[in-house]
Amino acid sequence: MDGVTSNAEETKGINERDVMLAAEVPKVAGQVTACDVEYRVYSSRWFILFVFCFLNLSNAMMWLTFAPISDYTAEFYKVTFDQVNWLSLVFMIVSIPLGVAATWLLDTLGLRPGVILAAWLNLVGAIVRLISAIPAIPESARFPVAITGQTLTALAQPFILEAPAKLAQLWFAENQRATANMIGSMSNPIGLLLANVISPAIVKSKADFLKVLGVYCAPAGVGVLLATFGVCSSVPPSPPTASAAATSQTFWQGMKKIVKNLQYWILFMIFGVGLGLFNTLATILEQVLCPRGYDNTYVGLCAALMIICGVVGAGVAGILVDKTKRFQEVVKVGFAGAALALLGLSFLSRQRSQQPGIATLCGIFGFFGFALYPISTELAIEVTYPVAEATSSGLLIVSGQVWGIILILITQAIAQPLSAEDAQHANCGTTGAIIPQDMSIAMWVLAGVACFAAIVQIIFFRPTYKRLKAENWEKAVKAKKSGVNLISMKSIAV
């Protein structure tokens, strides 16, 4: 049988305290009791998660195609480093207005229309980018065509990034949600990892751009097939949990409730800063290190190490939260660890021949920082329940993109001319047309912002887990109606 009941998940962890919680916690609007519906999980949920992961991975590769080879990109398209950065910035700019629209679409029309639309936008954008590298295209038209393609792929990103939290809520049992969200979210940095490896591995000169952009078209095409013919429903036939069965508030009802939620706004700002810091570092890392003599291969290795360690850290965090529900503690430790690593990186990146130290700090930054992403989006749902999932988690991503734009523009504005001594060791580009800059002050600013945000989070963030309380209420009601002794209740293997 494709579906299995989630009785084990429903009864796990219930105790006498849950009965008291049932009396203390009011029944939320739309809450469905256990007597109204049978909770089931379906094996097809893993395939749907795989489709979203694949699309997330492909779109992330599009996003960071040019950042690891920014020097070659500037030479090929005959533009400056600042203009190359716009190939990444366009993702953040587009996602601000479209991010709000994507939350509405996902919550109103469902996951399936969103994923299909995203897949086709991603593929069309990839093809337009490829056209920009065709030799017959005039040199003056190449960059406008490339950024048009980037814009199309950027239009797909909000639908993809905002989906994992909603997918986990609608398809997965309570003790799998954080892990499913982690898997769906971490496919994005894995895509960034592949971009950091593939682009420098293929592009050794300006002649290789047609090849590398063609390579990125392949996963985009596969993603269209998976999304169009593989995802057949937005929701399972039966919900996996009581909160999934509940009627979510409409988009505008949710927005009215969010506006009054102070803890959500603290999370909104802190998560935005964290995501913005990662987006900024991923965009400018090559520009930070190449003036000190580090080549593209080493920069790609640092970015890859940051992402690999980050996926490991996110995996550990997801499993830990699923077992303990300690959302708050995990995000606070994660942000503090990432801030300290960025502080150390700001110091070492100013120096030459520090390969082991820089690589280690990139790994530490990734391990602690990446854990914030899936756990924070789960926290957003917890502190705003019963606001629709895409609304509460999607606005966090919009915040991250806003902060990414702000921080990238700041780092560009405060970049300093490189000293004559450092210029002799710079390893930026091959033709001498690129003028490297000193990003030391920019890195110190990023570290300062990270440390300040970590302190604010530790002191002021005190969330209430509303979704968990509502589910405990439902479990306790079910247990009381069935006359089960909560202390002796065992998990039922189905």
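Only this structure's heavy atoms are used, side chains among them; waters, hydrogens and symmetry mates stay out.
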Legend entry - Donor-acceptor under 3.5 Å (R112 side chain, V231 main chain):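 Judged by distance alone, yes, a pair lies under 3.5 Å.
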
Inset, instruction - Please round to the nearest 0.5 Å and tell me the distance separating atom CG of L155 and atom CG of L121. - result: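 That separation rounds to 5.5 Å.
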
Inset, instruction - Quick one: sort the F268 and W265 rings into parallel, tilted or perpendicular, breaks at 30° and 60°. - result: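 If you compare the ring of F268 with that of W265, the planes turn out perpendicular.
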
Legend entry - Donor on one side chain, acceptor on other, W120 and T228, under 3.5 Å: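 Yes, because at least one side-chain N or O of W120 sits under 3.5 Å from a partner of the opposite role on T228.
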
Inset, instruction - Compare every heavy atom of P219 with every heavy atom of F54, then report the nearest pair and how far apart it is. - result: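 So the two residues come closest at CE2-O, 3.1 Å.
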
Inset, instruction - Would you please test F278 and F370 for ring-ring contact (aromatic ring centres under 6.0 Å, His included) and show each step? - result: CA-CA 9 Å; F278 170 75; F370 275 62; 4.9 Å; yes

Legend entry - Approximate separation, where rounding is to 0.5 Å, of S187 OG and N56 CG: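 One finds 3.5 Å between OG of S187 and CG of N56.
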
Inset, instruction - Give, for atom SG of C302 and atom CG of L281, the distance between the pair rounded to the nearest 0.5 Å. - result: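 Reported to 0.5 Å precision, the distance equals 10.0 Å.
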
Legend entry - N59 and T153 side chains, donor-acceptor separation under 3.5 Å: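 The answer is no; no qualifying pair exists.
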
Inset, instruction - Evaluate the criterion side chain to side chain donor-acceptor pair (under 3.5 Å) for residue pair T179 and D322; output intermediate values, then yes/no. - result: CA-CA 7 Å; T179 301; D322 268 336; 2.5 Å; yes

Inset, instruction - Go through the steps to decide whether L161 and L275 satisfy the test side-chain contact (heavy atoms from CB on, under 4.5 Å), and finish with yes or no. - result: CA-CA 12 Å; L161 291 184; L275 183 57; 6.0 Å; no

Inset, instruction - State whether the side chain of S95 and the backbone N or O of M92 hold a donor-acceptor pair below 3.5 Å, judged by distance alone. - result: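 Such a contact is found between S95 side chain and M92 backbone.
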
Inset, instruction - Measure across A126 and A220 and return the closest heavy-atom pair with its distance rounded to 0.1 Å. - result: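 For A126 and A220, the tightest heavy-atom pair comes out as CB-CB, 4.2 Å.
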
Inset, instruction - Taking all non-hydrogen atoms of both residues into account, name the closest pair between L213 and L130 and its distance. - result: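 Minimum heavy-atom separation between L213 and L130: C-CD1, 3.9 Å.
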
Legend entry - Check: Y298 and I358 side chains under 4.5 Å, non-hydrogen atoms: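 Yes. Closest side-chain heavy atoms under 4.5 Å.
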
Legend entry - Exercise: identify the closest heavy-atom pair between Q157 and F91: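 Looks like NE2-CD2, 3.5 Å.
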
Inset, instruction - Take atom CH2 of W63 as the centre, draw a 6.0 Å sphere, and report whether it contains more than 12 heavy atoms from other residues, nucleotides or ligands. - result: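 Above 12, so yes.
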
Legend entry - Side-chain touch S349/L289, heavy atoms, less than 4.5 angstrom: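 SC-SC contact between S349 and L289 confirmed.
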
Legend entry - Gap separating the CD1 atom of I307 from the CZ atom of F365, nearest 0.5 angstrom: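 Nearest 0.5 Å value for the CD1-CZ distance: 11.0 Å.
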
Legend entry - Check: M255 and L395 side chains under 4.5 Å, non-hydrogen atoms: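 Yes. Closest side-chain heavy atoms under 4.5 Å.
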
Inset, instruction - Determine whether the aromatic ring centres of F368 and F335 lie less than 6.0 Å apart. - result: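 F368 vs F335: aromatic centres not under 6.0 Å.
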
Inset, instruction - Mind checking the CG-OG1 spacing from N196 to T65? Nearest 0.5 Å is all I need. - result: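 Going from CG on N196 over to OG1 on T65, the span is 10.0 Å.
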
Legend entry - Side-chain touch I397/P158, heavy atoms, less than 4.5 angstrom: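 Sidechains of P158 and I397: no contact.
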
Inset, instruction - Give a yes or no on whether the backbone of E139 and the side-chain of R142 come within a donor-acceptor separation of less than 3.5 Å. - result: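 No, because the side chain of R142 does not come within donor-acceptor range (under 3.5 Å) of the backbone of E139.
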
Legend entry - Salt bridge present between E382 and K325 (N-O < 4.0 angstrom):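 No, no charged N to carboxylate O under 4.0 Å.
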
Inset, instruction - Kindly indicate, with the supporting measurements, whether the criterion side-chain contact (heavy atoms from CB on, under 4.5 Å) is fulfilled by I284 and V288. - result: CA-CA 6 Å; I284 71 170; V288 171; 3.8 Å; yes

Inset, instruction - Please tell me if the side chains of N188 and L57 come closer than 4.5 Å, counting only heavy atoms from C-beta onward. - result: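 No - every pair of side-chain heavy atoms lies 4.5 Å or more apart.
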
Inset, instruction - Test side-chain contact (heavy atoms from CB on, under 4.5 Å) on V321 and E378 and set out the steps. - result: CA-CA 10 Å; V321 167; E378 284 292 303; 6.0 Å; no

Legend entry - Short side-chain to backbone donor-acceptor contact, K211 and A207, under 3.5 Å: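 Side chain of K211 to backbone of A207: no pair is present.
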
Legend entry - Side-chain heavy atoms of I408 within contact of W403, under 4.5 Å: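 SC-SC contact between I408 and W403 ruled out.
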
Inset, instruction - Please name all residues satisfying side-chain hydrogen bond (donor to acceptor under 3.5 Å, both in side chains) with Y216, sequence neighbours left out, ordered by chain then number. - result: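 Scan of Y216 (side-chain hydrogen bond (donor to acceptor under 3.5 Å, both in side chains), adjacent residues dropped) gives S199.
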
Legend entry - Test item: L167 and F52 side chains (from C-beta on) under 4.5 Å apart, heavy atoms: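 The answer is yes, as the side chains (C-beta and beyond) meet within the 4.5 Å cut-off.
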
Legend entry - Residue pair V115 / L111, side-chain heavy-atom distance below 4.5 Å: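 V115 does not reach L111 side chain to side chain.
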
Legend entry - Aromatic contact, F172 with W46 (centres under 6.0 Å):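 Yes; W46 has its ring centre under 6.0 Å from that of F172.
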
Inset, instruction - Check Q412 against N85 and note the closest heavy-atom contact, atom names and distance. - result: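 Shortest heavy-atom contact: NE2-ND2, 2.7 Å.
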
Inset, instruction - Please name the residue in the list L267, L396, T384 that meets the side chain to side chain contact (heavy atoms under 4.5 Å, CB included) test with L379. - result: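 Single pass found, and it is L267.
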
Legend entry - Within residues 355-377 or reaching into it, pairs that qualify as side-chain hydrogen bond (donor to acceptor under 3.5 Å, both in side chains) - sequence neighbours excluded: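 Non-adjacent pairs meeting side-chain hydrogen bond (donor to acceptor under 3.5 Å, both in side chains): N181-T377.
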
Inset, instruction - State, to 0.1 Å, how close L226 and F50 come at their nearest heavy-atom pair, and which atoms those are. - result: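 Result for this residue pair: CD1-CE2, 3.9 Å.
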
Inset, instruction - Could you grab the distance from atom CE of M62 to atom SG of C217, nearest 0.5 Å is fine? - result: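 Between M62 CE and C217 SG, I get 6.0 Å after rounding to 0.5 Å.
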
Inset, instruction - Test side-chain contact (heavy atoms from CB on, under 4.5 Å) on R129 and F66 and set out the steps. - result: CA-CA 11 Å; R129 296 189 333 158; F66 303 101; 3.6 Å; yes

Inset, instruction - Could you tell me how the ring of F143 sits relative to the ring of Y77: parallel (under 30°), tilted (30 to 60°) or perpendicular (over 60°)? - result: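 F143 vs Y77 ring planes: perpendicular.
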
